[in-house]
Amino acid sequence: MASQRIPLVAGNWKMNFDHLEATYFVQQLAWKLRDIHFDYRHCEIALMPSFTSLRSVQVLVESDNLKIHYGAQSVSVTSQGAFTGDVSADMIAHLGCSYVIVGHSERRKYHPEDDANIVDQVRAVLAAGMQPILCVGESYEERRKGIELDFAVGQVHDVTRDLSDEEASRLIVAYEPIWAIGSGMVATPQSAQDAAKAIRDDLAETFGTHVGESVRILYGGSVSSKNAEELIGEPDVDGFLIGGAALNVDELTRICQLTMNATV
């Protein structure tokens, strides 16, 4: 990983934990990281609770002056109005969120969200002063055809092609091969590196070397303490977007420690 990019370990809690469970988890994680003398200068940590837990997490983080960041799992493309059930980017930003996940494969599949909607989400997040974590990745079918790199790069390009250089530089990309999410299967370190490098090269070609080298590219898909060290050792992998392992405080602490150790 390039020295100028601080790694990010982001935990996507999906539809787990109520607000009491969420605050207890954050407290436990903060204490465990304190006990291992975790250095936040070398690794950033962010948690993505459900909407119902964001305010509780905000109060805890601010009252205890914790260095753990947090964000939302989705966002509306509209700013206000008669949109029952939607939550705007400004609402999320006013809760102190740093990040919003955009285009996760589960959102694309079950809601569904298409490329045009995802572009609008990215713009809304950026306009509200937060960073979007754009999820891309191929299914087993694209991988079987040998087009996984073109597919992932194409997903990024479809979203970023109309962004300015400044907007693109604030993007975070999470490469999450769909076949690996929750399956127990994980991309090899070389496969993760190949995808991250292909995405970075496309960003550099579109926006220039500075943007290509500054954007953090995460890997997601059955990340655990057993494979995190190898994955973070790849030069273009800048951290992780973690699902199941982010629900276990001991496992998440270990992944954070391994990621930090790789940079010092």
Any donor-acceptor pair under 3.5 Å from Thr23 side chain to Leu20 backbone: yes
From CA spacing to verdict: side-chain contact (heavy atoms from CB on, under 4.5 Å), Ile92, Val75: CA-CA 8 Å; Ile92 295 169; Val75 67; 3.8 Å; yes
Applying ring-ring contact (aromatic ring centres under 6.0 Å, His included), name anything that partners Phe25, two or more places apart in sequence or on another chain. Trp13, Phe17
Of all the heavy-atom pairs spanning Thr259 and Pro7, show the shortest one and how long it is. CG2-CB, 3.7 Å
For the side chain of Asp64 and the backbone of Leu66, is there at least one donor-acceptor N/O pair under 3.5 Å apart? no
Apply ring-ring contact (aromatic ring centres under 6.0 Å, His included) to Tyr40 and list each qualifying residue two or more places apart in sequence or on a separate chain. Phe38
Is the shortest heavy-atom distance from the side chain of Val26 to the side chain of Leu47 under 4.5 Å? yes
When hydrophobic residues are tied together by side-chain contacts of less than 4.5 Å, even through go-betweens, does Leu231 share a cluster with Leu149? no
Can you confirm whether Asp90 sits close enough to Met130 that some side-chain heavy atom of one is under 4.5 Å from a side-chain heavy atom of the other? no
Donor-acceptor check, side chain of Arg5 to backbone of Asp238, threshold 3.5 angstrom: yes or no? no
Pair Asn117, Gln121: side-chain N/O donor-acceptor within cut-off below 3.5 Å: yes
Are Val159 and Phe151 connected, step by step, through hydrophobic side chains (Ile, Leu, Val, Met, Phe, Trp, Tyr) whose heavy atoms are closer than 4.5 Å? no
Scanning both residues in full, the closest heavy-atom pair of Cys43 with Val9 reads SG-CG2, 3.8 Å
Side chains of Ile242 and Ile255: closer than 4.5 Å at any heavy-atom pair? yes
Treating Ile, Leu, Val, Met, Phe, Trp and Tyr as nodes and any side-chain heavy-atom pair under 4.5 angstrom as an edge, say whether Ile178 and Phe240 lie in one connected cluster. no
Using the side chain to side chain donor-acceptor pair (under 3.5 Å) rule, take Gln190 and Asp194 through it: C-alpha gap first, then chi angles, then the decisive distance, then the call. CA-CA 6 Å; Gln190 187 60 56; Asp194 289 345; 2.7 Å; yes
Can you tell if the side chain of Glu138 reaches within under 4.5 Å of the side chain of Trp179, non-hydrogen atoms only? yes
If the threshold is 4.0 Å, N to carboxylate O, is there a salt bridge linking Asp201 and Lys197? yes
Working for side-chain contact (heavy atoms from CB on, under 4.5 Å), residues Met48 and His104: CA-CA 13 Å; Met48 282 50 175; His104 192 280; over 6 Å; no
Heavy-atom closest pair, residues Ser76 and Ala124: O-CB, 4.1 Å
Identify the two heavy atoms, one from Val57 and one from Ala22, that lie closest to each other, and give their separation to 0.1 Å. CG2-CB, 4.2 Å
Taking Met91's backbone N and O only, do any of them form a donor-acceptor pair with Ser88's side chain (distance below 3.5 Å, no angle check)? yes
Counting C-beta onward and ignoring hydrogens, is there a side-chain heavy-atom pair between Cys97 and Tyr70 closer than 4.5 Å? yes
Under 3.5 Å donor-acceptor, Glu251 side chain and Ser225 backbone: yes
Heavy-atom distance under 4.5 Å between the side chains of Met15 and Ser50, does that happen here? no
Is Asp158 salt-bridged to Arg161, going by a charged N under 4.0 Å from an acidic O? yes
Can you name the closest pair of heavy atoms from Leu33 and Cys256 and give their distance? CD2-CB, 4.2 Å
Identify the residue among Val102, Val77, Val136 that makes a side-chain contact (heavy atoms from CB on, under 4.5 Å) with Ile118. Val102
Show your reasoning for whether salt bridge (charged side-chain N to carboxylate O under 4.0 Å, His left out) applies to Glu141 and Arg144. CA-CA 5 Å; Glu141 182 63 21; Arg144 185 184 66 81; 2.6 Å; yes
What I'd like to find out is whether the side chain of Leu252 reaches to under 4.5 Å of the side chain of Asn248, using heavy atoms alone. no
Co-membership, hydrophobic cluster, residues Ile36 and Leu29, 4.5 Å side-chain: yes
If we ignore hydrogens and angles and just use 3.5 Å, is the side chain of Ser222 paired with the main-chain N or O of Ala180 as donor and acceptor? yes
Evaluate the criterion side-chain contact (heavy atoms from CB on, under 4.5 Å) for residue pair Thr52 and His19; output intermediate values, then yes/no. CA-CA 6 Å; Thr52 60; His19 71 288; 5.6 Å; no
Asp18 backbone acceptor or donor facing Glu21 side chain under 3.5 Å: yes
For residues Val100 and Pro132, determine if any side-chain heavy atom of one lies less than 4.5 Å from a side-chain heavy atom of the other. no
Criterion side-chain contact (heavy atoms from CB on, under 4.5 Å) on Ile232 and Leu258, from CA distance to verdict: CA-CA 8 Å; Ile232 197 64; Leu258 291 168; 5.9 Å; no
Output yes when a side-chain donor or acceptor of Asn227 lies under 3.5 Å from a complementary backbone atom of Val223, and no otherwise. no
Return the minimal non-hydrogen interatomic distance between Gly11 and Ala246, and the atom names on each side. CA-CB, 3.6 Å
Tell me if a side-chain donor or acceptor on Gln73 pairs with a main-chain N or O of Ile101 at a distance below 3.5 Å. no
Main-chain N/O of Leu95 paired to Gln58 side chain as donor or acceptor, under 3.5 Å: yes
When you compare the side chains of Ser169 and Glu166, does any donor N or O come within less than 3.5 Å of an acceptor on the partner? no
